[in-house]
Enquirer: 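Dropping a structure here in structure tokens format, bear with me for questions.
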Number of protein chains: 4
Amino acid sequence: MSEAKTAKSRSKSVDVEAAGQAISSPPVERPRLRDAERTSKAILAAATKEFAERGYGGARVDAIAERAKINKRMLYHYFGGKDALYVAVLEGSYVAIRSAEARLDLSHRSPTEGMRELVVFTWKYFLDHPEFLGILSTENMQKARFLKRSARIFELHSPLVAEISGLLGRGVATGDFRSDCDPVKIYMSIAALGSFFLTNRWTLSTIFQRNLSEKSEIDAWGEHIIEVIFAYLRP
Amino acid sequence: MSEAKTAKSRSKSVDVEAAGQAISSPPVERPRLRDAERTSKAILAAATKEFAERGYGGARVDAIAERAKINKRMLYHYFGGKDALYVAVLEGSYVAIRSAEARLDLSHRSPTEGMRELVVFTWKYFLDHPEFLGILSTENMQKARFLKRSARIFELHSPLVAEISGLLGRGVATGDFRSDCDPVKIYMSIAALGSFFLTNRWTLSTIFQRNLSEKSEIDAWGEHIIEVIFAYLRP
Amino acid sequence: MSEAKTAKSRSKSVDVEAAGQAISSPPVERPRLRDAERTSKAILAAATKEFAERGYGGARVDAIAERAKINKRMLYHYFGGKDALYVAVLEGSYVAIRSAEARLDLSHRSPTEGMRELVVFTWKYFLDHPEFLGILSTENMQKARFLKRSARIFELHSPLVAEISGLLGRGVATGDFRSDCDPVKIYMSIAALGSFFLTNRWTLSTIFQRNLSEKSEIDAWGEHIIEVIFAYLRP
Amino acid sequence: MSEAKTAKSRSKSVDVEAAGQAISSPPVERPRLRDAERTSKAILAAATKEFAERGYGGARVDAIAERAKINKRMLYHYFGGKDALYVAVLEGSYVAIRSAEARLDLSHRSPTEGMRELVVFTWKYFLDHPEFLGILSTENMQKARFLKRSARIFELHSPLVAEISGLLGRGVATGDFRSDCDPVKIYMSIAALGSFFLTNRWTLSTIFQRNLSEKSEIDAWGEHIIEVIFAYLRP
DNA sequence: CATGAATGAGTATTCATTCAT
DNA sequence: GATGAATGAATACTCATTCAT
């Protein structure tokens with residue numbers, strides 16, 4: 001592991017847009033050559049896909065370079081190596097979802113509305129960003145080996161917990177929600193139902209002979225998550 | 001990937017005992033000469049762990065041989081190659097859980113009791129067989145590439161769906177459960193809640209600064225699953 | 001540096017013959033395939049030449065494999081890596097010269113005869129084993145980075161010092177040598193005169209416009225060493 | 001090796017000051033704009049160290065740029081490439097020692113005094129300029145591949161030979177020295193004893209378990225060289 | 001003059017698999 | 001049946017050098 005050499009990339013701030021959005025942005029025709037930012041983002045986007053699809057061990061540096069249409073050497077120039085690039089992808093992925101989440105502004109809605117919005121957002125985000133779930137899968141297969149080293153990860157998540165706590169508190173006050181709910185458990189339940197379906201639909205489709213990638217099945221499961229969560233929250 | 005060469009292994013029947021039980025079962029005392037079987041099981045058990053921990057791409061044939069304490073050549077002798085071995089591991093994993101499940105005998109219990117038993121069994125099985133979840137993760141990361149080729153996988157699962165359908169039907173009749181429940185959705189919800197917690201606890205522990213591998217957290221989540229499922233089933 | 005992985009090669013005893021003699025032995029026509037010892041020696045001999053000629057940093061693993069006419073993979077199989085192979089070469093080189101030296105049996109000769117024999121042997125050995133000097137050059141350029149880690153190197157050299165001490169002592173007794181000579185200084189002087197000429201003859205030939213690789217020059221320098229050493233030892 | 005591309009650098013005259021003295025010389029105060037020269041010297045000094053420490057093959061262009069604290073591109077601007085830079089270092093090294101030597105003015109001293117001065121100077125120069133010995137090592141490892149191409153190298157050395165010849169002739173006349181001494185052999189003996197000790201002290205310290213980098217050992221060896229040379233010169 | 005992005009050809013090392021005994 | 005030597009195709013990473021600004 002060449003992590004000692006990541007110094008250079010450490011100073012690179014992980015760009016919120018990079019992992020999540022560069023992927024879908026239209027192929028802007030800029031000068032092409034000597035565009036450091038563009039190159040760096042392209043690498044990050046390509047790496048995100050590759051790591052998500054093949055896992056850390058299965059991901060190939062050459063494949064990332066090819067996907068990003070850059071010279072493999074640049075990957076080392078900008079990120080230092082496979083490890084450091086993976087860490088950048090990992091942090092970038094979390095930053096991206098938490099940033100989008102933060103834009104929800106749940107506190108100005110009724111508890112029921114807010115909770116529904118959170119559930120729907122989460123489900124949609126998972127649906128639209130399959131790489132995020134892939135990265136999580138990979139990282140967990142390694143027991144969060146890399147994430148544990150990331151200092152700022154915790155801070156990134158306290159606002160989320162606070163937000164859910166607020167919703168729950170207000171919901172209890174209005175009589176919409178049962179009391180004694182753990183915000184972390186609520187979030188985990190939402191994530192569990194959403195993530196499991198999308199992540200595992202491939203084997204599930206096979207064993208149950210039912211194409212879970214069809215729109216109707218996906219939509220139905222989205223409804224199902226809401227039903228389950230609200231059934232549980234019901235006082 | 002030399003998948004064209006897996007023909008040899010196809011003739012190998014997957015042993016129910018292999019993945020799930022050979023690990024803990026006592027060394028059966030039969031005449032001898034059973035070295036072949038013993039070796040084969042050791043390989044399967046070692047491969048299960050390796051694939052579960054590192055994923056398909058990250059797993060190393062050498063590592064499997066070393067874990068199984070056998071000569072690498074034997075692995076090719078018995079299974080034909082990495083791909084075929086992986087398929088054997090995959091099928092064996094499903095066979096193992098479905099076999100254990102089948103021993104539950106849910107039909108002789110009340111719907112509520114039966115459902116609780118199913119939830120508890122699933123949770124415990126996931127807890128006791130982390131490799132199973134690892135294998136699923138890996139296989140889904142590859143979009144069920146290998147599982148899709150496995151012919152008998154569907155048959156293996158129809159009894160499970162039937163069993164849950166039975167429980168639900170009886171529950172509706174007794175007034176314990178709401179009507180209109182999809183047995184597959186119920187099973188997927190149970191699996192989702194159990195699997196997600198265990199699979200993702202490493203990153204979750206990190207982002208929420210809370211050690212989800214502690215017994216108290218694990219037990220609490222087991223209770224949580226039951227609560228969620230029953231809240232949903234409540235008429 | 002992958003030295004943590006050299007465990008395997010560590011158990012390989014360095015063969016005295018390997019570095020020094022396998023090089024000049026006739027190409028025995030043995031079965032060719034599956035001859036571990038032969039392969040291992042061929043690698044060591046090839047590596048000795050490569051490291052001697054190009055230095056540690058300049059040596060190429062591919063070049064070694066090609067010189068040894070083996071698959072590059074075997075080099076890792078037998079030695080673990082470039083580092084470990086280099087260490088084997090280094091130790092082997094010292095073992096080879098010290099073993100040959102030990103066969104001199106200086107103690108049964110007169111001090112003068114013994115000393116002359118030592119000088120001549122050293123000169124001839126350097127002349128016949130240019131790789132040895134090359135290896136020393138390389139290792140010293142790295143400030144003995146690898147040699148310092150070699151445990152048995154010191155033991156290998158105490159007999160030499162003892163032998164020279166014996167010669168000097170007897171020479172003082174017979175009146176042939178001056179007293180107060182440090183055996184290590186004597187050896188170093190012999191080595192210095194021999195080594196410097198052979199190692200530096202390329203630049204020396206150029207700057208002095210005189211071909212020091214000619215037999216006459218080489219022989220003359222051999223005589224010169226003897227003269228210098230005996231002039232110094234003269235009481 | 002892009003040796004065909006060194007044409008550019010050929011026109012660069014090697015500055016006497018560059019390798020040997022730029023390092024310690026005070027920042028000459030001239031109008032300004034001298035950045036070009038300053039940069040060029042910094043590169044040469046950095047390259048001298050790098051090549052001396054790691055050898056030609058082991059030296060890294062990036063490392064040289066970093067040591068010189070200049071942009072790598074400048075290195076190509078001023079010297080054309082690695083090869084040409086190496087040649088400049090090599091020539092500069094010889095020019096530096098011969099220039100310093102020329103300032104000795106041996107002809108106005110007694111033969112004995114002059115000879116002692118030459119020995120002491122050589123020893124001190126080697127001691128103070130470890131890069132010089134490193135460069136020689138490297139160049140000889142390549143059998144003077146680059147030096148052979150340098151046209152003016154021979155001229156640079158004839159004064160040295162003449163100077164020593166003069167000393168020897170006068171010494172024979174005064175009866176201080178034996179006759180029939182080859183000036184080149186004398187110089188080579190002086191250089192051999194000095195160079196070998198300093199170059200090889202790392203391995204020698206290890207094999208003889210004696211720290212030859214200590215001041216006492218170094219001083220003692222300086223004395224030893226004088227003793228050896230004068231013992232040999234004694235009529 | 002100066003900078004840093006870009007590149008293709010290496011360079012050490014590892015992998016799954018096969019072969020000879 | 002069992003063993004370990006042998007192999008070619010990757011695989012992560014590095015190097016000297018050039019290009020655009």
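Chain naming here is simple, since letters A, B, ... match the order of the sequence lines and numbering starts at 1 in each.
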Enquirer: Measure distances between side-chain N and O atoms of D:K72 and base N and O atoms of E:dT3, and say whether any donor-acceptor pair falls under 3.5 Å.
Expert: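 It does not, because no donor-acceptor pair links the side chain of D:K72 to the base of E:dT3 below 3.5 Å.
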Enquirer: Heavy-atom distance under 4.5 Å between the side chains of D:L85 and D:Y78, does that happen here?
Expert: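 No, side chains not in contact.
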Enquirer: Which nucleotide in the set F:dT11, E:dA12, E:dA2 lies at the smallest distance from any side-chain heavy atom of A:D62?
Expert: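 Between F:dT11, E:dA12, E:dA2, the one nearest the side chain of A:D62 would be F:dT11.
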Enquirer: Output the rounded distance in Å from CZ (B:F51) to P (E:dC15).
Expert: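 Nearest whole value for this atom pair: 14 Å.
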Enquirer: Report the nucleotide, chosen from E:dT17, E:dA5, F:dT3, that has the shortest atom-to-atom distance to any side-chain atom of A:A36.
Expert: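 The nucleotide sitting nearest to the side chain is E:dA5.
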Enquirer: For D:I43 and E:dC1, what is the distance between atoms CD1 and C1' respectively, to the nearest whole Å?
Expert: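 So the two atoms are 12 Å apart, to the nearest Å.
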Enquirer: Parallel under 30°, tilted from 30 to 60°, perpendicular over 60°: which one fits the rings of D:Y86 and D:F51?
Expert: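 Ring orientation of D:Y86 relative to D:F51: perpendicular.
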Enquirer: Does C:N71 make a side-chain donor-acceptor contact with the base of F:dG8, cut-off 3.5 Å?
Expert: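 Pair found.
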Enquirer: Under 4.0 Å between any heavy atoms, over every strand shown, what does A:R60 touch: base, sugar-phosphate, or nothing? Just pick one.
Expert: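 Sugar-phosphate, backbone atoms only, no base.
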Enquirer: I want to check something: taking the side chain as every heavy atom from C-beta on, are B:E139 and B:Y56 in contact at a cut-off of under 4.5 Å?
Expert: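 Heavy-atom side-chain distance check fails, nothing below 4.5 Å.
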Enquirer: Quickly work out the D:K82 NZ to F:dC15 C1' distance and round it to whole Å.
Expert: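 Interatomic distance, NZ of D:K82 to C1' of F:dC15: 8 Å.
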Enquirer: Can you check whether B:E66 reaches B:D62 side chain to side chain, under 4.5 Å on heavy atoms?
Expert: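 B:E66 does not reach B:D62 side chain to side chain.
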Enquirer: So which nucleotide from E:dT14, F:dA2, E:dT18 ends up closest to the side chain of B:Y78?
Expert: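 The nucleotide sitting nearest to the side chain is F:dA2.
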Enquirer: Under 4.0 Å between any heavy atoms, over every strand shown, what does B:A59 touch: base, sugar-phosphate, or nothing? Just pick one.
Expert: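 The answer is sugar-phosphate, as B:A59 gets under 4.0 Å only of primed atoms, P, OP1 or OP2.
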Enquirer: Is any side-chain nitrogen or oxygen of A:T39 closer than 4.0 Å to OP1 or OP2 of E:dA6?
Expert: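 Yes.
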Enquirer: Roughly, in whole Å, what's the span from CG in D:L75 to C1' in E:dC1?
Expert: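 In whole Å, E:dC1 C1' and D:L75 CG are 15 Å from each other.
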Enquirer: What does F:dT14 pair with, Watson-Crick or G-U, if both distances are under 3.5 Å?
Expert: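 Base partner found: E:dA9.
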Enquirer: Mind calculating the distance between NZ (B:K69) and C1' (F:dA2) to the nearest angstrom?
Expert: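 Rounding to the nearest Å, NZ of B:K69 and C1' of F:dA2 are 18 Å apart.
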Enquirer: For C:A59 and C:K82, work out which heavy atoms get closest and say how close.
Expert: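 Heavy-atom minimum between the residues: O-NZ, 3.0 Å.
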Enquirer: If you find the nucleotide of DNA chain F closest to B:M74 and the one closest to A:R73, which residue's nucleotide is nearer the 5' end?
Expert: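 The residue whose closest nucleotide sits nearer the 5' end is B:M74.
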Enquirer: Between F:dT14 atom C1' and D:R54 atom CZ, what is the distance in whole Å?
Expert: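 My rounded result for the distance is 14 Å.
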Enquirer: Under 3.5 Å for both donor-acceptor distances, Watson-Crick or wobble: does F:dT21 have a partner, and if so which one?
Expert: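 Checking every strand shown, F:dT21 finds its partner in E:dA2, with both distances under 3.5 Å.
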Enquirer: Provide, to the nearest angstrom, the distance between the CG atom belonging to C:D35 and the C1' atom belonging to F:dT3.
Expert: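 Those two atoms, CG and C1', are 16 Å apart.
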Enquirer: Round to a whole Å and report the spacing from NE2 of B:H77 to P of E:dA16.
Expert: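 One finds 20 Å between P of E:dA16 and NE2 of B:H77, rounded.
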Enquirer: Counting side-chain heavy atoms from CB outward, which of F:dA6, F:dA5, E:dT13 is closest to C:Y76?
Expert: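 Given the options F:dA6, F:dA5, E:dT13, the side chain of C:Y76 is closest to E:dT13.
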